[in-house]
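Notes for the one structure printed next.
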There are 2 protein chains.
Amino acid sequence: MSERSKVYQQVLSEIQRLIKEDGYLPGDKLPSERQLSVQLDAARSSVREALRAIELLGIIETRQGEGTYLRDYQTYHAVELLASFVLQDSRIQEELQQAKKVLENYVLSIDSLSDQQLTQLREILADSSLSKEEKHHRFFLVFFKANDNQLLLRIWRLMQDFSENIEQDVYPDQYYCDMLKKYKKTIE
Amino acid sequence: MSERSKVYQQVLSEIQRLIKEDGYLPGDKLPSERQLSVQLDAARSSVREALRAIELLGIIETRQGEGTYLRDYQTYHAVELLASFVLQDSRIQEELQQAKKVLENYVLSIDSLSDQQLTQLREILADSSLSKEEKHHRFFLVFFKANDNQLLLRIWRLMQDFSENIEQDVYPDQYYCDMLKKYKKTIE
DNA sequence: AGTCTTTACTGGTCAGACCAATTAACTATT
DNA sequence: AATAGTTAATTGGTCTGACCAGTAAAGACT
């Protein structure tokens, strides 16, 4: 009656079970491919298909000669991957810039920054050894970190990477200074 | 000199190339596993590892006896899976919700909507056959389309898929009505 | 004790076989 | 000629077993 799920999907479930029930944690070593194939009564090739799939998702990491390890899969590796497919046919620069600005404007709307963060920002702006791009990146990095949303940061970084090759619409230096003033005021 | 990427990663690149350069579209049939293995000079098992991986991502679909087909990968199937791994963590749920709201708030800030779009919105709100989730989705879809940024729309959809698996913080009906009023005013 | 060599284990890849499901080609029947 | 039924070819699904390539642990030597 159909719905006989493929072997590699069963293996997938088993890995999930290991994590959920046997308490495997990031960094832990999973059973070897050969061992899993015995454990699950499946061919090693099938086990590998499953492992390769979740490796692509960034859930595990394999090191030849060592073994297969659980990764800290909260690093949103999948987002990158999916985005690489999404972006390949809609790499329209304007959309990307607009999207980037949406995120940047959002983090700029944070209520207040710590003294330390303000100092950081001033240093970045004062550092003449930095390129325009570097400055932009570091400047907003402070805000993204202040905002403390890893996902947003991750997406923004992705956009940065993608838009690095195309010419950036450059922000004038004044732009950053204006931003700084805003927060300066809230403290003084 | 290291960096010899694994075979299955090469296959992955090849699939991407097919899509990008040879213009494969959703629904198209990919070369068979055996043909790919010849084409890429790799063992069929290696080809399969790659195919299984991107199948898990929802990019392709395989039907025994028929072949392997490109899917409309705008609806990422992988999110379900990843969600089951990742979304236990409540912190990630919060981040996701926050990120989604950033995008939603942005498209809500659009200056004006057409009469037709306003009508659409009213119909969606009035349609009692829609679930809460459906309503939310369609409501914002109008705004995203009005805003005409494919990239933002796709990212938002991705987030929607992700957050569908976890309990949504429900918006009260009043929320949508308030939004509507805002635009009603600009027209009348 | 410290170093070197060997061994065992792990992932990476390959080749070939067979099954299962679908499709296409062909044949026989009407 | 049109249809139905059978056969062959193709495709994915799975398995087995082999060999290579790194790593780490055990053992031997100094």
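Keep in mind that this is a model prediction, so the values were computed, not measured. First the proteins, then the strands, lettered A, B, ... as listed; each starts at 1.
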Please determine, by modelled atom types, if B:Ser114 and B:Gln117 share a side-chain donor-acceptor pair under 3.5 angstrom.
->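 Side-chain D/A pair, B:Ser114 to B:Gln117: present.
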Does the side chain of [X] get closer than 4.0 angstrom to OP1 or OP2 of [N] through an N or O atom?
X	N	value
A:Ser45	D:dT16	no
A:Ser46	D:dG13	no
A:Arg52	C:dG12	yes

[atom1]/[X] to [atom2]/[Y] distance, rounded to the nearest 0.5 angstrom?
X	Y	atom1	atom2	result
A:Leu12	B:Arg52	CG	CZ	12.5 Å
B:Gln98	A:Asn147	CD	CG	5.0 Å
B:Ile60	B:Arg63	CD1	CZ	11.5 Å
A:Tyr69	A:Leu25	OH	CG	15.0 Å
A:Leu121	A:Gln116	CG	CD	10.5 Å
A:Gln10	A:Ile15	CD	CD1	12.5 Å

Which sits closer to the 5' end of DNA chain C, B:Arg44 or A:Arg44, going by the nucleotide each is nearest to?
->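 It is A:Arg44, whose closest nucleotide lies nearer the 5' terminus.
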In whole Å, what is the span from the [atom1] atom of [X] to the [atom2] atom of [N]?
X	N	atom1	atom2	result
B:Arg48	C:dG16	CZ	P	18 Å
B:Leu40	C:dT13	CG	P	13 Å
A:Ile54	C:dG11	CD1	C1'	14 Å
A:Ile60	C:dG11	CD1	P	9 Å
B:Leu51	D:dG13	CG	C1'	12 Å
B:Asp41	C:dG12	CG	P	19 Å
A:Gln10	D:dG13	CD	P	13 Å
B:Tyr8	C:dC14	OH	P	14 Å

Is any side-chain N of the basic residue among A:Glu104 and A:Lys101 closer than 4.0 Å to the acidic one's carboxylate O?
->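 Answer for the salt bridge query: no.
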Protein-nucleic acid N or O pairs under 3.5 Å, nucleotides 3-10 of chain C:
residue	atom	partner	partner atom	Å
C:dT10	O2	A:Gly65	N	3.3

At what angle, to 10 degrees, do the two end axes of the helix from C:dA1-D:dT30 to C:dT30-D:dA1 meet, given five pairs define each axis?
->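 Roughly 10° between the end axes, to the nearest 10°.
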Kindly assign one of parallel, tilted or perpendicular to the pair B:His137 and B:Trp156, based on the angle between their ring planes and the thresholds 30° and 60°.
->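 Because their plane-to-plane angle is under 30°, the rings of B:His137 and B:Trp156 count as parallel.
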